[in-house]
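Everything below concerns the one structure shown next.
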Amino acid sequence: MQIIKPGTNIDFIGKRKAALILSAAMILFSIISLIIHKGPRYGVDFAGGTQILVAFQESVDMGQVYTALDQAGLGNATVQESREGNNFLLQIRTIQTFDADSGVLGEIPRRLHETTGLFAEILSIDMVGPQVSKDLRSQALYALFYALLFITVYISGRFEMKWMLSAAVAGVFVSIVYLFPQITENFFRISLPIPLLILTALILSLIVFWKLGLAYALGAGIALLHDVIITVGLFSVLDIEFNLPIIAAILTIMGYSLNDTIIVFDRVRENLASRGKKTFAAILNKSINETLSRTLITSGTTLLVLIALFVLGGGIIHDFSRALLIGVVVGTYSSIFIACPILLFLHKKQGI
Amino acid sequence: MKLRSWRFYAVCVALILAIVYILPTVKPGLWPYKTINLGLDLQGGMHLVLDVEVEKALESTMERRTYELRDQMRRERIRFTSVRRLPDGSIGVRLAEASDADIFTAFHRKEFPDMDVRRHTVDEGLEFRFTIPAEEKNHITKMATEQALETIRNRIDEFGVNEPDIRIQGDRRIIIQLPGIEEPERAKQLIGQTALLEFKIVEDSHDVQDALKGSMPPGTEILYEIRRDASGQETGRVPYLVNRRSVLTGSSLTDARVQVDSQFNEPYVSISFDRQGARQFERITGENIHRRMAIVLDNNIYSAPVIQDRISGGNARITGSFTMEDARDLAIVLRAGALPAPVKIIEERTVGPTLGAESIRKGLISMLVGGGLVLLFMAVYYKGAGLVANCALVLNILFIGAALAAFGATLTLPGIAGMVLTLGMAVDANVLIFERIREELRLGRSPMAAIHAGFDRATLTILDANVTTLIAALVLFQFGSGPVKGFAVTLCLGVLSSMFTALVMVRLVFDIIYGGQNNKVTQLSI
């Protein structure tokens with residue numbers, strides 16, 4: 001059995017302009033959505049506050065729920081209801097945090113029981129103080145940055161044998177990102193906004209890769225950024241909350257998307273060795289086509305398990321698997337339509 | 001073809017190890033080795049991050065030093081006009097006689113060598129300003145955090161929690177993991193309480209109502225007694241005017257136990273002082289007969305009984321309107337001692353046992369369904385070779401589970417998701433190999449040559465491709481905490497084991513099936 005017939009030769013590279021327009025539109029769309037929504041919608045991990053998940057056996061009157069919360073001192077909480085199996089779930093969110101002796105969190109099930117007459121079971125409580133949420137936000141950004149940097153170093157080391165050069169570049173960027181905030185903090189008493197710092201470092205590192213002619217690293221790096229921006233953008237469009245597991249999902253997507261890109265690049269390198277008179281574009285096309293069935297099968301099986309997780313995994317895993325679903329599709333697309341055309345573009349420019 | 005190649009031994013060792021490590025999890029008690037740790041999100045429990053407010057420890061050190069300075073100067077007969085806290089937090093000392101400056105310098109060098117002293121000239125003359133040097137501050141911070149950890153550990157041990165995990169994170173944070181805790185709110189109160197027990201003499205010479213209006217005698221403060229009804233609901237607050245300085249603190253306690261008053265059938269906490277504390281208690285009660293002594297815990301008055309007589313023997317009782325449970329918790333915190341500084345809960349994650357069990361069930365179902373679909377696909381698409389790959393896939397799960405148990409890693413809900421995801425991605429290595437073999441076959445190679453070429457050429461690609469996922473997973477491991485870390489761990493293990501199964505195990509099976517026939521194979525089931 002075969003999905004892709006041997007000898008298939010689809011002109012992927014010829015469609016690069018259309019792909020470029022599509023990608024640019026998606027990125028623009030993502031950025032606009034992020035601007036309109038004033039950044040990603042942070043969940044409790046990154047925004048701070050308290051989130052309480054309560055289960056009832058029967059459906060409850062929301063008016064009564066709000067009354068109970070008001071009595072417990074949670075007047076400003078928002079409540080989201082959902083159904084899972086036979087359970088009615090309430091997700092209670094507030095920006096407040098509670099100290100050990102406040103006893104508010106213990107009050108909630110009691111008050112809910114009093115007003116609704118039903119037994120309320122606390123399934124989970126997540127409380128994140130302002131300092132912790134701030135720490136988590138910057139840690140998440142650092143993690144994304146480091147992952148991107150290390151992966152690109154690996155790529156240019158592996159494909160261009162420029163281990164030392166790319167490692168040196170990465171080392172410089174890591175130390176700048178690490179030291180710069182401390183310097184400004186200690187000597188000038190300015191705390192830098194981390195997102196700005198990371199963004200600048202990212203753009204600078206891409207420019208450096210470009211100037212140093214690290215084409216494979218640049219191609220992979222841009223493809224990765226493309227995936228991350230579009231995934232985050234789609235989350236913003238779909239109004240899904242950003243939590244710690246989503247960051248885990250995005251990092252996994254980075255690894256996955258690169259996995260795809262590397263397999264195509266690997267084939268490009270192999271085909272370049274027995275190049276003959278073929279143009280670089282033809283080599284790229286040939287490589288993409290030769291690896292196409294593998295790309296489709298692996299993406300397919302991954303999507304298969306992700307759909308299983310998405311449908312059957314339950315509430316907590318739901319958004320996590322949704323992020324991965326989006327990411328796998330975008331990542332597969334980007335390794336064919338973004339990473340390869342960039343390689344071609346750089347090839348023309350710099351004669352790689 | 002030699003069957004006993006290194007691959008054969010590697011696979012045997014891996015399989016044996018995997019079975020050894022996974023058995024206890026499958027059948028508990030069968031093997032004396034550890035089972036897979038379940039994260040708090042799967043078994044239920046509470047995760048707390050506390051911030052030790054070390055500034056308060058520094059502050060109370062400064063307060064104490066101020067008292068000490070004053071006392072010692074009196075003892076040494078160095079006359080001063082003032083010893084007081086300055087707005088910037090330092091202690092300012094002004095001498096009555098400027099000529100005492102040299103004597104004073106010799107005095108503080110001897111008695112307070114660990115403080116920085118600067119001379120300042122102010123309008124009224126000379127002022128010495130005492131501060132704590134940065135090094136000493138760090139030491140106090142460290143000590144406060146360590147002592148808080150120790151105290152909290154004692155409290156939790158007394159409360160009774162299975163396998164609590166309590167650790168210091170960074171300079172001043174404490175992470176507490178309490179698996180399977182049943183009364184999270186109560187545990188939180190027990191942990192978060194400063195539990196500073198003080199005895200303060202009530203100032204009866206002055207009317208409380210006047211004091212509330214603002215006319216307070218120097219050295220006094222207003223504290224409240226909170227009255228509660230039988231169900232624990234607050235019914236009122238009674239103000240007391242008390243002396244700011246405590247006559248005795250909980251640091252002199254040796255024991256605290258819950259007892260029940262036979263007359264009113266109400267619980268109370270009986271406390272015993274150490275020798276020095278007992279002597280002091282006797283002296284204080286003797287000096288203050290018919291006055292009231294407030295028993296203050298964290299600035300709340302529990303009760304303020306009238307001292308009837310000198311109390312010797314070093315025993316006292318704390319009464320108040322509390323339930324049996326309150327009394328028990330109070331006894332625990334008093335026995336464990338006070339925290340050196342207040343703590344603040346800055347992060348809490350509590351998962352009830354129902355949600356945890358539900359998560360495991362759903363995770364397993366999605367693993368079965370997702371994995372089943374993948375297995376089905378592989379068998380249909382690659383036929384015989386697909387079946388071999390499927391064995392490898394199932395073994396992957398076994399290897400991940402065994403490695404989790406072997407390394408004592410923790411399985412979390414995202415970790416289960418990571419395992420499911422691994423199922424989808426682990427086929428990648430096999431797909432790469434099989435596609436390559438098919439290509440080689442199409443190029444007209446013999447089956448054996450195609451197998452060799454397929455594995456050889458795919459190996460490098462597989463390594464390259466998996467390293468990126470590994471990098472992402474390692475960064476994630478470094479960054480993440482709890483559940484996310486669990487995901488990173490299973491992802492790493494999944495990548496490693498899928499490489500092993502594809503490159504070593506599947507290869508071995510191919511060698512066994514086709515290798516023995518000395519290149520006479522004419523057709524591959526692929």
Side-chain angles (χ1 to χ4, degrees), chain A residues 1 6 53 55 99-101 103 105-106 121-129 131-132 139-140 142-143 146-147 150-151 154-155 158 244-245 247-248 251-252 254-256 258-259 262-263 266 290 293-294 297-298 300-309 311-314 316-317 320-321 324, chain B residues 49 51 185 188-189 191-193 344-352 354-355 358-359 362-363 365-366 369-371 373-374 377 380-381 413-414 417 420-421 423-425 427-428 431-432 435 439 442 460-461 464-473 475-476 478-480 483-484 487-488 491:
Chain A
M1 200 175 135
L53 200 61
D99 231 359
D101 54 1
L105 299 177
E121 190 195 356
I122 298 251
L123 293 181
S124 68
I125 296 171
D126 288 86
M127 189 188 90
V128 181
Q131 186 56 44
V132 174
Q139 275 174 24
Y142 278 123
Y146 286 136
F150 294 151
I151 289 174
Y154 179 75
I155 300 258
R158 204 61 200 77
L244 280 179
I247 298 295
L251 281 172
T252 315
M254 284 186 172
Y256 181 87
L258 241 295
N259 191 327
I262 285 181
I263 283 159
D266 230 23
E290 280 174 357
S293 66
R294 174 265 155 198
I297 291 170
T298 302
T301 54
T302 308
L303 288 176
L304 221 50
V305 291
L306 284 176
I307 290 168
L309 268 181
V311 177
L312 304 166
I316 304 164
I317 287 298
F320 177 69
S321 40
L324 283 169
Chain B
V49 182
D51 181 55
E185 281 304 306
K188 241 162 59 184
Q189 286 197 358
I191 291 166
Q193 212 173 6
K344 203 170 151 52
I345 298 181
I346 53 172
E347 188 181 350
E348 177 192 343
R349 314 267 180 182
T350 304
V351 176
T354 341
L355 186 64
E358 187 70 7
S359 296
K362 286 185 170 153
I365 289 177
S366 35
V369 172
L373 288 174
V374 172
F377 171 82
V380 170
Y381 196 81
L413 181 58
V420 179
L421 190 63
L423 277 177
M425 305 209 305
V427 294
D428 186 45
V431 171
L432 276 166
E435 286 298 312
E439 267 180 60
R442 279 199 294 271
L460 203 62
T461 314
D464 277 345
N466 280 309
V467 167
T468 56
T469 308
L470 220 48
I471 291 175
V475 171
L476 197 56
Q478 202 53 43
F479 143 78
V484 169
F487 174 74
L491 198 62

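Each chain gets a letter, A, B and so on, in the order its sequence line appears, and its residues count up from 1. The model shown is predicted, which means the values in this text are computed figures rather than measured ones.
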Q) Measuring heavy-atom distances to chain B, does A:Ile262 have an atom under 4.5 Å in its side chain, in its backbone, in both, or in neither? A) side chain

**Q.** Heavy-atom contact with chain B under 4.5 Å, split by part of A:Leu303
**A.** neither

Q.
Taking side chain as everything from C-beta outward and backbone as N, CA, C, O, which of these in A:Arg294 sits under 4.5 Å from a heavy atom of chain B? Side chain, backbone, both or neither.
A. both

Q: Check each atom of B:Gln189 against the heavy atoms of chain A and say whether the ones under 4.5 Å are side chain, backbone, both or neither.
A: both

Q) Is the ring centre of B:Phe487 less than 6.0 Å from the ring centre of A:Phe320? A) yes

Q: Hey, could you give me the CG/CG distance between A:Leu105 and A:Asp99, rounded to the nearest 0.5 Å?
A: 10.5 Å

Q) Which atoms of A:Ala55 come close to chain B, meaning under 4.5 Å heavy atom to heavy atom: side chain ones, backbone ones, both, or neither? A) neither

Q.
Counting C-beta onward and ignoring hydrogens, is there a side-chain heavy-atom pair between B:Asp428 and A:Asn259 closer than 4.5 Å?
A. yes

Q) Quick one: what part of A:Asp266 sits under 4.5 Å from any heavy atom of chain B, side chain, backbone, both or neither? A) side chain

Q) So which part of B:Ile471 gets closer than 4.5 Å to some heavy atom of chain A, the side chain, the backbone, both or neither? A) side chain

Q) Given that the side chain runs from C-beta out, which part of B:Tyr381 has a heavy atom under 4.5 Å from chain A: side chain, backbone, both or neither? A) both

(Q) What part of B:Arg442 gets within 4.5 angstrom of chain A, counting heavy atoms only: side chain, backbone, both, or neither? (A) side chain

Q. Tell me, side chain or backbone of B:Val374 under 4.5 Å from chain A's heavy atoms, or both, or neither?
A. both

Q: Look only at the side chain of B:Ser366 and the backbone of A:Ala308, and say whether a donor-acceptor pair between them is shorter than 3.5 Å.
A: no

Q: Using non-hydrogen atoms and a 4.5 Å limit, figure out which bit of B:Glu439 sits close to chain A: side chain, backbone, both or neither.
A: side chain

Q) Which bit of A:Phe150 comes within less than 4.5 Å of chain B, counting heavy atoms only: side chain, backbone, both or neither? A) both

Q. Should B:Glu185 and B:Lys188 count as an ion pair when the cut-off is N to O under 4.0 Å?
A. yes

